[in-house]
Amino acid sequence: MTLTRTFRLLFLLLALAASGAVFAQSALNISVYKNQYCGCCHAWIQHLQKNGFKVSPNDVPDTAPVRAKLGMPAELGSCHTATIGGYV
């Protein structure tokens with residue numbers, strides 16, 4: 001293998017690794033909508049953080065309007081709702 005080809009391969013591998021790291025970092029950011037007084041919401045956020053997620057908590061009086069705005073069916077809702085990577 002020529003030196004130029006080796007450098008090209010190395011550059012490609014580094015570019016792929018960097019793009020994967022950027023994707024992984026953005027995929028770990030999660031926005032959580034919750035009631036500030038709910039214990040299970042707080043515990044769920046702790047669970048997410050312990051597993052590598054960067055959580056942006058948003059206290060709301062009722063998550064139902066948030067779910068409706070995000071297009072989530074009411075029958076799938078609970079006391080907390082989250083968005084991550086374009087998903088609810």
Side-chain angles (χ1 to χ4, degrees):
M1 189 180 294
T2 68
L3 191 57
T4 303
R5 189 171 178 188
T6 302
F7 281 122
R8 285 182 185 168
L9 181 58
L10 181 59
F11 178 75
L12 178 63
L13 291 174
L14 288 173
L16 287 172
S19 66
V22 168
F23 175 75
Q25 184 180 19
S26 66
L28 294 177
N29 293 323
I30 185 167
S31 294
V32 175
Y33 301 89
K34 65 177 189 67
N35 181 294
Q36 65 178 336
Y37 303 109
C38 181
C40 82
C41 295
H42 181 70
W44 187 57
I45 287 175
Q46 287 180 328
H47 171 75
L48 290 169
Q49 290 170 330
K50 287 179 185 176
N51 287 280
F53 289 88
K54 181 181 176 194
V55 180
S56 297
N58 300 284
D59 290 333
V60 295
D62 183 7
T63 57
V66 174
R67 290 191 309 269
K69 182 179 178 182
L70 295 171
M72 182 179 177
E75 63 270 13
L76 299 178
S78 72
C79 54
H80 48 263
T81 299
T83 58
I84 183 169
Y87 292 94
V88 179

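Every heavy atom of this structure was used, including side-chain atoms; hydrogens, water molecules and symmetry mates were not.
- Of all the heavy atoms in Ser78 and Arg67, the pair that sits closest is O-NH1, 2.8 Å.
- Proximity of a side-chain donor or acceptor of Asp59 to a complementary backbone N or O of Pro57 within less than 3.5 Å is not detected.
- Taking both residues in full, the closest heavy atoms of Asn58 and Ser31 are given as ND2-CB, 4.0 Å, listed atom of the first, atom of the second, then distance.
- Hydrophobic cluster membership differs between Leu70 and Tyr87, with clusters built from Ile, Leu, Val, Met, Phe, Trp and Tyr side chains linked at under 4.5 angstrom.
- In the hydrophobic clustering of ILVMFWY residues, with side-chain heavy atoms under 4.5 Å counting as a link, Val60 and Leu76 come out together.
- Looking at heavy atoms from C-beta onward, Cys41 lies out of side-chain contact with Val32 at the 4.5 angstrom threshold.
- Hydrophobic clustering of Ile, Leu, Val, Met, Phe, Trp and Tyr side chains at less than 4.5 Å, counting indirect connections, keeps Ile84 apart from Met72.
- By the 4.5 Å heavy-atom criterion applied to side chains, Thr83 and Tyr33 are counted as neighbours.
- Taking the side chain as every heavy atom from C-beta outward, Thr81 and Val88 approach each other to under 4.5 Å.
- The side chain to side chain contact (heavy atoms under 4.5 Å, CB included) check on Pro65 picks up Asp62, with sequence neighbours excluded.
- Nearest heavy atom pair, residue Cys79 against residue Thr63, reads O-CG2, 3.3 Å.
- Among residues two or more places apart in sequence or in another chain, the side chain to side chain contact (heavy atoms under 4.5 Å, CB included) test is passed with Pro61 by none.
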